[in-house]
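Written out below as structure tokens is the structure these notes cover.
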Amino acid sequence: MNDKVKIIGESLSNIPWEDRPPDSENVVWRSAKNPIIPRDLIPKSNSIFNSAAIPYKNKFAGVFRVDHKSREMKLHRGFSDDGFSWKIDENSIKFICDDPEIANFEYGYDPRLVKLDEKYYITWCNGYNHQPTIGVAYTEEFEKFYQLENAYLPFNRNGVLFPRKINGKYAMLNRPSDNGHTPFGDIFYSESPDMIHWGCHRHVMTPIPFTWQSTKVGAGPIPIETNIGWLLIYHGVLTSCNGFVYSMGAAILDLEKPWKILYRTKPYLMSPQKLYECVGDVPNVFFPCSALTDSETGRITIYYGAADTVTCLAYAKVDELIEFIKGNTI
Ligand code: BMA
């Protein structure tokens, strides 16, 4: 056991948590309460999944992907006392934006949420000209949400900010894509001096043939800073006879040059195996979008979407996870 690994971040004594079940030896384990958010939590929801949570005022706030019964893809805010039980606003977020061109909300999905410069930044897959790119917005109190410029030209998905500037610049992982279901996909790293202009793109990660991550890879939760590198939890996709299968893996990236991979899991950490991951609007999807961490105990709680239908939790301990990644690296 490597007991020297530490999360660099705040402590979170009220992190939602359940100990590993005695019959499990896995480095990541599921909540016994899964799915913690059912698809029909609010009257207009067809499904609530691929969503992000963050500590807020000693409780929790979140931005949720809610696909409506009209099958429009919207973002809704939500609040929770304990991180398990959520109240989701029945109305979707109306972003405030000076430029009507950007303010025209077509669709939004797969939000990520990070605290940066005392603001909460949201990134998501944002429809612009009916093409996906990365939307960026911030809020200070989860009441008013201010939308900034889209980060990239279409097509792009999985925009995931780092929780601090790196070498004096904002930093974001992202994945160039196409306008459909994208049968390819590498993770790239981009920098910005002002959260508006993004450049200095660096390649981070490519799919690996004949594995669970053979078709495409995409960043998941906000990277977790540790003393040995950025812990990146990500999704990888394989193409089976029956379509895409989304699983979860992890990598450790260099702290100052995060486009350099130090270690990367050869086996997946989690794959769709429970009924609620295998059956739903899109079967066989385990899609991590956010993580809460407690630097005091090393606990990591992962929010993931299952089968594009419901929201679930999984858990890990940072020292065990890093030891596993190092011991099972490609
Ligand atoms: C991806 C995104 C995700 C979704 C996944 C599986 O391209 O659209 O939101 O979970 O496909 O359908």
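Bear in mind the structure is a predicted one, so any value in this text is a computation, not a measurement. In each ligand, atom 1 is the first atom listed, and ligand 1 is the first ligand listed.
Nearest residue to atom 12 (O) of ligand 1 from V245, T309, D308 is D308 (criterion: closest heavy atom). When the options F244, F49, Y246 are ranked by their closest heavy atom to atom 11 (O) of ligand 1, first place goes to Y246.
The distance criterion of under 3.5 Å between nitrogen or oxygen atoms is met by D110 with respect to ligand 1. No N or O atom of Y109 sits closer than 3.5 Å to an N or O atom of ligand 1.
Following chains of ILVMFWY side-chain contacts shorter than 4.5 Å, one cannot reach Y138 starting from F95, and the two form parts of different hydrophobic clusters.
Electrostatic pairing of R77 and E143 counts as a salt bridge here, judged by a charged N lying under 4.0 Å from a carboxylate O.
Side-chain atoms of Q213 and Y234 form a donor-acceptor pair, as typed in the model, at a separation below 3.5 Å.
Ligand-side atoms of ligand 1 in range of F287: 3 (C), 10 (O), range being under 4.0 angstrom from any heavy atom.
When ring centroids are compared, W259 and F188 stay outside the 6.0 Å threshold.
Residue contacts with ligand 1: R65 is included, with a non-hydrogen atom under 4.0 Å away.
Under the 30°/60° scheme for interplanar angles, the aromatic rings of W86 and F64 are found to stand perpendicular.
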